[in-house]
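One structure is given here, and the rest of the page talks about it.
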Amino acid sequence: MEEFLTACPRNCYSTCSFRVQVENDRILRILPYSGNLATPEGPCIKGLSYIERTHSPDRIIHPLIKTTSGNFKEISRNVALDVISDKLGTIKETYGSKSILWYRGSGMSGLTNEIGYSFWKAFGGTTITYGNLCWPAGLEAVRLTFGSIKHNVPWDLENAKTIIIWGKNPAETNIQEIAFIIGAKEKGCRIIVIDPLRTTTADKADMLFNTRPGTDGALALAIAKVLIDNNLIDHEFIAKYVKGFDELKQSLHISPAEAEQITGIPSENIIELALIIGKNGPVTILPGYGLQRRKNGGQTIRCLLLLSVLTGNIGKSGSGFNYANLQSYIFDDLKEPLSYYPDSEKDMPFRRTISMAKLGADMLNTHNPELKAAWIERGNPILQSPDTNSVKKAFSNLRFTVVVDQFMTDTAAYADLILPAKDIFEQSDIIGSYWSPYIQFKPKVIQSPGEVLPESEIYFLLAKRLNLNVSNELIPEPGNDNIEQWLEKRITGYSEVTLNQLKESPVLAPGLQQIAFEDLKFETPSGKIELYSLEAKEKWGISPLADYTGIIHTPEEEKFPFEFITPNTGSRIHSQFGNLKIIGETNPEPAVRISPLDASNRSIITGQKIKVFNKTGELICRAEISNRVPTGLVVLPNGIWFNEGGGVNHLIAGEETDIGYGAAFHDNRVEIERVD
């Protein structure tokens with residue numbers, strides 16, 4: 001038996017390091033690795049489930065092609081690659097290369113993902129997407145304010161005196177962080193949760209404030225007004241390092257009484273919260289990503305940022321605004337969120353005209369040329385993109401679709417040809433983290449089963465078949481040794497970090513600020529923290545100051561009485577892992593959660609099938625009556641597959657956030673009724 005040190009490459013905060021024991025090309029055990037200070041206790045249940053995921057009998061390990069009956073049959077790797085090269089070549093010759101959509105999700109991170117770009121560029125460029133489904137409005141809000149996106153190292157949380165967990169549920173979605181939160185609490189830190197729901201994280205808090213969904217910006221502005229009115233701000237810090245305070249002060253008009261009407265939180269509690277923030281520092285705010293998945297999402301995050309800035313809780317131990325930490329992204333020439341934004345000149349030879357938030361509608365409205373084919377990797381857009389019905393229609397209109405995946409997902413079922421995807425243990429790679437400060441090496445530890453190929457090798461073999469003029473430096477020859485040579489060259493020149501160092505252990509990012517902004521230098525146009533941002537106005541057409549605008553629904557939307565939110569859960573990373581038996585055995589059947597009062601008014605009981613619907617679509621799922629859900633709210637996690645009763649995006653319109661080209665997942669209203 002051999003043991004290797006590796007890391008989880010999923011779209012998750014923690015990017016856990018762990019040890020994996022292997023024998024005869026099988027993963028036997030997954031164990032903690034204490035050398036990573038951010039994740040010393042090992043991975044969550046999803047990470048532990050890699051044993052099943054890697055060797056699942058449901059895993060696709062041979063290419064599949066759809067027959068005229070609509071079913072799939074196995075074909076050989078060579079036949080699959082021949083079919084693909086013939087189809088892609090013909091479509092390119094007939095309609096042009098931009099008639100092909102190259103869709104990339106975030107299901108597996110790593111530097112080797114760049115190899116696909118080299119292939120499609122050599123192919124002549126395709127149509128690609130802009131924006132991001134996850135977090136860009138918040139990223140842009142932080143970038144506009146601070147100039148760069150970082151926060152204190154995770155273990156510094158234990159030095160806070162007050163931690164405000166705002167619209168985030170780390171007890172399920174970032175279990176490594178909850179350990180530091182508990183450590184802080186044991187040292188006397190006050191834990192405050194602000195959330196529409198009573199989450200499992202709220203159970204661990206000292207105080208819970210239940211806001212109405214989408215009103216967090218109004219709450220923050222009212223708190224900011226109380227801080228200023230009661231002289232609970234850091235005047236010296238503001239004078240030296242902040243631009244726009246005077247303009248902000250003049251703009252603040254939402255009083256605690258007015259905020260009560262907007263948010264549902266009593267004014268005396270709003271004042272109490274402001275006094276805690278102003279008097280009980282250092283304060284760390286932990287905002288969740290759901291806050292900014294709204295049409296006012298970017299401005300909401302800018303409102304929350306005010307509270308850290310006004311009180312001087314920046315650049316100090318135990319303080320900060322912990323939205324994202326991109327300090328480990330040292331190999332990126334253009335960091336997120338700027339890399340999400342379309343640029344007609346820099347994007348050449350690609351056509352970057354399809355919004356991730358409006359995928360279906362934009363695909364259907366693409367012309368000159370129209371879309372005729374799609375290649376989908378690391379994503380599940382049929383299930384996870386807003387406005388499922390339009391996305392289904394758009395992909396159904398295509399002549400040829402290739403999906404690269406490990407399982408028969410809802411998107412894979414729409415493919416004409418499925419190529420089996422590699423598992424995390426089957427190719428070496430280098431990954432960063434957007435929460436922890438480490439750069440990590442993920443080694444190949446087992447051989448792929450069946451006819452599975454890493455995507456880099458798929459691209460190499462297709463490039464040969466299509467006679468593309470691309471060098472081995474861009475698309476390496478098959479073999480993991482060649483991938484490691486490619487990785488070594490790829491990271492050369494960015495820092496002193498070497499591949500050999502990364503093979504030994506996770507490496508803290510060179511130049512790391514363990515206390516973010518401890519030098520009090522900010523990469524904004526003014527060199528200061530910008531509460532007043534001209535770039536915000538010029539680039540996005542919003543106020544240069546943080547402000548709050550409530551979501552205005554149309555009269556037709558107002559006919560649907562319930563707000564609909566679709567949080568993440570601890571058992572899935574969006575649509576990944578939920579199909580595994582271990583997840584099903586340790587988690588209840590998916591259900592739509594509603595309040596007891598709303599259930600009583602509609603004669604609904606737990607376990608009953610109900611229909612959730614609006615003008616966009618509908619779904620049928622089991623109901624669960626829960627005291628954790630307030631009246632007027634319907635809750636169903638995203639990522640639940642169609643065959644489980646999921647598919648929340650049937651009910652979600654394809655709309656963008658105010659900044660960053662994100663997806664406004666949470667600005668939707670629904671009705672519910674019994675299915676008898």
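Reckoned from all heavy atoms, side chains included, excluding hydrogens, waters and symmetry mates.
Between atom SG of residue C8 and atom CD1 of residue I30 there is a gap of 9.0 Å, rounded to the nearest 0.5 Å. Expressed to the nearest 0.5 Å, how far CG of N132 lies from CD of E336 amounts to 7.0 Å. Atom CG of residue L419 and atom CG of residue L64 lie 9.0 Å apart, to the nearest 0.5 angstrom. If you take CG on L502 and OG on S428, they are separated by 11.5 Å, rounding to the nearest 0.5 Å.
Under the side chain to side chain donor-acceptor pair (under 3.5 Å) criterion, S69 pairs with T67, N71, sequence neighbours left out. Residues satisfying the salt bridge (Lys or Arg N to Asp or Glu O under 4.0 Å) criterion with K92, sequence neighbours excluded, are absent altogether. For F407, the ring-ring contact (aromatic ring centres under 6.0 Å, His included) criterion is met by no residue, not counting sequence neighbours.
Counting only distance, with no hydrogens or angles, the side chain of N668 and the backbone of I652 share no donor-acceptor pair below 3.5 Å. Between the side chain of K98 and the main chain of P349, a donor-acceptor pair closer than 3.5 Å is present. Side chain of N24 to main chain of R26: no donor-acceptor pair is present (N/O by atom type, distance under 3.5 Å, no hydrogens or angles). Looking at R19, its side chain does come within 3.5 Å of a backbone N or O of P32 through a donor-acceptor pair. Under a 3.5 Å cut-off, the side chain of Q292 and the backbone N or O of G138 do form a donor-acceptor pair. Listed for the E656 side chain is no donor-acceptor partner under 3.5 Å among the backbone atoms of A664. No side-chain donor-acceptor contact under 3.5 Å links D429 to the backbone of K442. The main-chain N or O of R378 is never found under 3.5 Å from a side-chain atom of D405 such that the two would form a donor-acceptor pair. Distance alone, capped at 3.5 Å, is enough to place a donor-acceptor pair between the S97 side chain and the G124 backbone. Panel note: side chain S85, backbone D82; a donor-acceptor pair is recorded below 3.5 Å.
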Exercise. Should W135 and Y434 be marked as a side chain to side chain donor-acceptor pair (under 3.5 Å) after you check the CA-CA gap, both sets of side-chain angles, and the distance that decides it?
Worked result: CA-CA 11 Å; W135 60 340; Y434 51 83; over 6 Å; no
Exercise. Where do E644 and R572 land on the salt bridge (Lys or Arg N to Asp or Glu O under 4.0 Å) test, with the steps shown first?
Worked result: CA-CA 13 Å; E644 301 176 86; R572 304 168 190 251; 2.7 Å; yes
For this session: Could you give me the CA-CA distance, side-chain angles and deciding distance for I27 and V445, then say whether side-chain contact (heavy atoms from CB on, under 4.5 Å) is met?
Result: CA-CA 9 Å; I27 307 300; V445 302; 4.1 Å; yes
For this session: Any chance you could lay out the salt bridge (Lys or Arg N to Asp or Glu O under 4.0 Å) test for K581 and E52, step after step, and finish with the verdict?
Result: CA-CA 8 Å; K581 291 181 180 178; E52 178 188 343; over 6 Å; no
Exercise. Are L31 and V20 close enough, and set up right, to give a side-chain contact (heavy atoms from CB on, under 4.5 Å), and what steps lead you there?
Worked result: CA-CA 6 Å; L31 302 167; V20 57; over 6 Å; no
Problem set entry | Verdict with reasoning, T129 to R352, per side-chain contact (heavy atoms from CB on, under 4.5 Å) | CA-CA 6 Å; T129 59; R352 199 175 192 187; over 6 Å; no
Exercise. Step by step, would you call I491 with I330 a side-chain contact (heavy atoms from CB on, under 4.5 Å)?
Worked result: CA-CA 9 Å; I491 67 175; I330 65 170; over 6 Å; no
For this session: Run the numbers on Q327 and Y438 for side chain to side chain donor-acceptor pair (under 3.5 Å), then give the verdict.
Result: CA-CA 8 Å; Q327 293 188 80; Y438 288 98; over 6 Å; no
Problem set entry | side chain to side chain donor-acceptor pair (under 3.5 Å) between E477 and N472, intermediate numbers included | CA-CA 6 Å; E477 292 188 12; N472 291 345; 3.0 Å; yes
For this session: Give the C-alpha distance, both sets of side-chain angles, the deciding distance and a yes or no for salt bridge (Lys or Arg N to Asp or Glu O under 4.0 Å) between K358 and E655.
Result: CA-CA 6 Å; K358 301 183 290 184; E655 296 184 291; over 6 Å; no
Problem set entry | Residues S76, E451; criterion side chain to side chain donor-acceptor pair (under 3.5 Å); working and verdict | CA-CA 8 Å; S76 72; E451 292 185 287; 5.2 Å; no
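Between Y341 and Y661, the distance separating the two ring centers is shorter than 6.0 angstrom. Ring centers of F4 and F425: at least 6.0 Å apart, outside the cut-off. Aromatic pair W375/Y459: centroids less than 6.0 angstrom apart.
A pairwise comparison of heavy atoms in S433 and Y13 identifies OG-O, 3.1 Å as the closest pair. Heavy-atom minimum distance, A415 versus V403: CB-CG2, 3.6 Å. When every heavy atom of V592 is checked against every heavy atom of C621, the shortest pair comes out as CG2-CB, 3.7 Å. Here the closest non-hydrogen pair linking L468 and A122 is CD2-O, 3.9 Å. Taking each heavy atom of L651 and G617 in turn, the nearest pair found is CD2-O, 3.1 Å. Looking at every heavy atom in both residues, S17 comes nearest to T39 through N-OG1, 3.2 Å.
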Give every donor-acceptor pair under 3.5 Å between a side-chain atom in residues 100-110 and any protein atom, sequence neighbours left out.
residue	atom	partner	partner atom	Å
W102	NE1	E377	OE1	3.4
S106	OG	N11	ND2	2.9
S109	OG	P9	O	2.8

Name every donor-acceptor pair, under 3.5 Å, that has one atom in a side chain of residues 379-388 and the other anywhere in the protein, sequence neighbours excluded.
residue	atom	partner	partner atom	Å
N380	OD1	T411	N	3.1
N380	OD1	T411	OG1	2.5
N380	ND2	S575	OG	3.2
Q384	OE1	G639	N	3.3
Q384	NE2	N638	OD1	3.2
S385	OG	P381	O	3.3
D387	OD2	S390	OG	3.0
T388	OG1	N649	O	3.3
T388	OG1	H650	N	3.2

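The environment of K503 atom NZ is dense: over 12 non-hydrogen atoms of other residues, nucleotides or ligands sit within 6.0 angstrom.
Salt-bridge annotation for E3 and R29: absent, with no side-chain N of the basic residue lying under 4.0 Å from a carboxylate O of the acidic one. Between R77 and E457 there is no salt bridge, since none of the side-chain N atoms of the basic residue sits less than 4.0 Å from a carboxylate O of the acidic one.
Both tests hold for K372 against Y95: distance to the six-membered ring centre under 6.0 Å, angle to the ring axis within 45°. Remark: K489 is not positioned above the aromatic ring of F331, lacking an NZ or CZ atom under 6.0 angstrom from the ring centre and at most 45 degrees off the axis.
Applying the side chain to side chain donor-acceptor pair (under 3.5 Å) rule to pairs touching residues 42-51 yields R10-Y50, sequence neighbours excluded.
Under the 3.5 Å distance criterion, with hydrogens and angles disregarded, a donor-acceptor pair is assigned to the side chains of Y494 and D333.
Classification of the F119-F123 ring pair by plane angle, with boundaries at 30° and 60°, yields parallel.
Applying salt bridge (charged side-chain N to carboxylate O under 4.0 Å, His left out) to E426 and the options R59, R53, K444 leaves one that passes, R59.
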